[in-house]
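Notes follow once the structure below has been shown.
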Protein chains: 2
Amino acid sequence: MTKAALRDLIHVTKALADETRVRVLLALRQQELCACQITALFGLAPSTMSEHLFLLKQGGLVDSRKEGRWIYYSLPGKDVPEAAREALRWVCRVLADDPRVVEDVAKLQRILKRDPAELCRKRCRKRRFCL
Amino acid sequence: MTKAALRDLIHVTKALADETRVRVLLALRQQELCACQITALFGLAPSTMSEHLFLLKQGGLVDSRKEGRWIYYSLPGKDVPEAAREALRWVCRVLADDPRVVEDVAKLQRILKRDPAELCRKRCRKRRFCL
DNA sequence: ATTCTATTTCGGTAATAAGCGAAATGACGA
DNA sequence: TCGTCATTTCGCTTATTACCGAAATAGAAT
C-alpha cells in the first residue's frame with residue numbers, strides 16, 4: 001500500500017516494545033489524560049514520560065491535543081494510520097485482563113478524583129511523587 | 001486470560017521490533033526454511049541469525065523442527081499462543097506489499113533453487129556469503 | 001512585564017540489544 | 001571411531017535506549 005510500510009511498522013513495534021508504553025495505551029482506553037496524570041500513574045520523571053509519549057505518537061498510537069498549558073493524550077480516532085490500527089486493537093484485547101493493567105486502572109481512578117492542577121504541582125515540585 | 005499476558009506480549013513486541021526479524025516472518029509465509037537458507041537470505045553471520053530466530057521463537061512467532069542436522073523454521077500452526085496469533089496476521093497483512101519484502105521474496109526464489117547443502121557449505125565456510 | 005507552571009529538550013549514565021568470530025554441541029557419514 | 005558439518009552458545013565490542021536532573025520553552029496568571 002504505502003511505500004515504506006516496513007519503516008512505519010517498526011515505529012509501531014518499537015513503541016510497543018516497552019512495558020510502560022503499552023500500559024499507557026491501556027490507561028487511555030476510557031478517557032483522554034493529560035501528561036501529568038500519566039506521569040503520576042507510573043511514577044516516572046516527567047522527562048522520561050515525555051519521551052515515552054513521543055515514541056507512542058511517532059508510531060501513530062496516540063493523538064495529542066493542547067489545551068492551555070496542558071497536553072491531553074488519547075487513543076487515535078478515525079485518522080489512525082493503518083500500521084497502528086490493528087495493533088491497538090490487538091494489544092488492548094490481549095492485555096485487558098492482565099493483573100498489572102487492572103491495578104493501573106484502579107490507581108487511575110484515584111488519580112482522576114484529584115484536581116489535575118494540584119496533581120501536577122505536587123508531581124513537578126517534589127519529583128517521584130507517586131499516588 | 002493467562003496470568004502474565006503483559007510479559008508474553010512484550011516478548012512478542014520485542015521480537016517484532018527489529019527489521020530483520022519481521023522480514024524473516026514474511027519470508028516464511030509460503031514455506032518452511034532451514035536456518036542456513038534464512039541466513040543466506042539476509043547475509044548476516046550464522047550466530048547473529050541464530051539469535052534472531054531464538055527471539056522469534058521465544059515470542060511464539062515461529063515453530064522449529066529438527067531434521068538431521070538441519071533445523072527448519074516455519075510460521076506456527078494451530079498451537080500458536082494467543083499473544084502471537086493476531087500479531088502475525090497483522091504484520092503479514094501490513095507488510096505484504098512493502099518493496100523490501102517483495103525483494104526478499106524474489107531473492108528467496110533464487111535461494112530455493114539451490115541445493116540447501118551446497119548453500120550451507122558456502123555460507124558457513126566463507127562468511128558473509130550472500131546470494 | 002514578570003512570574004508561575006506544564007511540558008519538552010539536552011547532556012550524561014547505566015542497562016539492553018545487535019553484531020561478529022571463535023569455540024562448543026549434536027547429528028550424520030565414512 | 002573419527003571427521004564433517006549445521007547450528008547454537010559464549011565473550012566481546014558497538015549502538016541503541018531508558019532513565020534522570022537541569023535547563024529551555026511556551027502558555028497563564030498576576
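So that the names make sense, note that chain A is the first sequence line, chain B the second, and so on, each numbered from 1.
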Could you tell me whether the phosphate oxygens of [N], OP1 or OP2, come under 4.0 Å of any side-chain nitrogen or oxygen in [X]?
{"X": "B:T48", "N": "C:dC20", "value": "yes"}
{"X": "A:H52", "N": "D:dC19", "value": "yes"}
{"X": "A:R21", "N": "D:dA18", "value": "yes"}
{"X": "B:Y73", "N": "D:dT8", "value": "yes"}

Can you figure out which of [options] approaches the side chain of [X] most closely?
{"X": "A:A35", "options": "D:dT7, C:dT7, D:dA26", "answer": "C:dT7"}
{"X": "A:A45", "options": "D:dC20, C:dT8, D:dA18", "answer": "D:dC20"}
{"X": "B:I71", "options": "D:dT7, C:dG26, D:dC20", "answer": "D:dT7"}
{"X": "B:R69", "options": "C:dC20, C:dA6, C:dA27", "answer": "C:dA27"}

Separation of atom [atom1] in [X] from atom [atom2] in [N], rounded to whole Å:
{"X": "A:L55", "N": "D:dT16", "atom1": "CG", "atom2": "P", "answer": "14 Å"}
{"X": "B:L44", "N": "C:dA17", "atom1": "CG", "atom2": "P", "answer": "18 Å"}
{"X": "A:L16", "N": "D:dT17", "atom1": "CG", "atom2": "P", "answer": "14 Å"}
{"X": "B:K14", "N": "C:dA18", "atom1": "NZ", "atom2": "P", "answer": "9 Å"}
{"X": "B:E51", "N": "D:dG11", "atom1": "CD", "atom2": "P", "answer": "13 Å"}

Where [X] and [Y] come nearest, the two heavy atoms and their spacing:
{"X": "A:R23", "Y": "A:D104", "value": "NE-OD2, 2.8 Å"}
{"X": "A:K107", "Y": "A:L41", "value": "NZ-O, 3.2 Å"}
{"X": "B:W70", "Y": "B:C36", "value": "NE1-SG, 4.2 Å"}
{"X": "B:A87", "Y": "A:W90", "value": "CB-CZ2, 3.5 Å"}

**Message:** Using heavy-atom distances to pick each residue's nearest nucleotide on DNA chain D, tell me which of A:A17 and A:K66 is more 5'.
**Reply:** A:A17

**Request:** Nearest-nucleotide wise, let me know which of A:L53 and B:M49 is further upstream toward the 5' end of DNA chain C.
**Result:** A:L53

**Asked** Is a donor-acceptor pair below 3.5 Å formed from side chain B:E67 to base C:dC28, judging by atom type as modelled?
**Response**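 For B:E67, whose side chain was compared with the base of C:dC28, there is no donor-acceptor pair (under 3.5 Å).
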
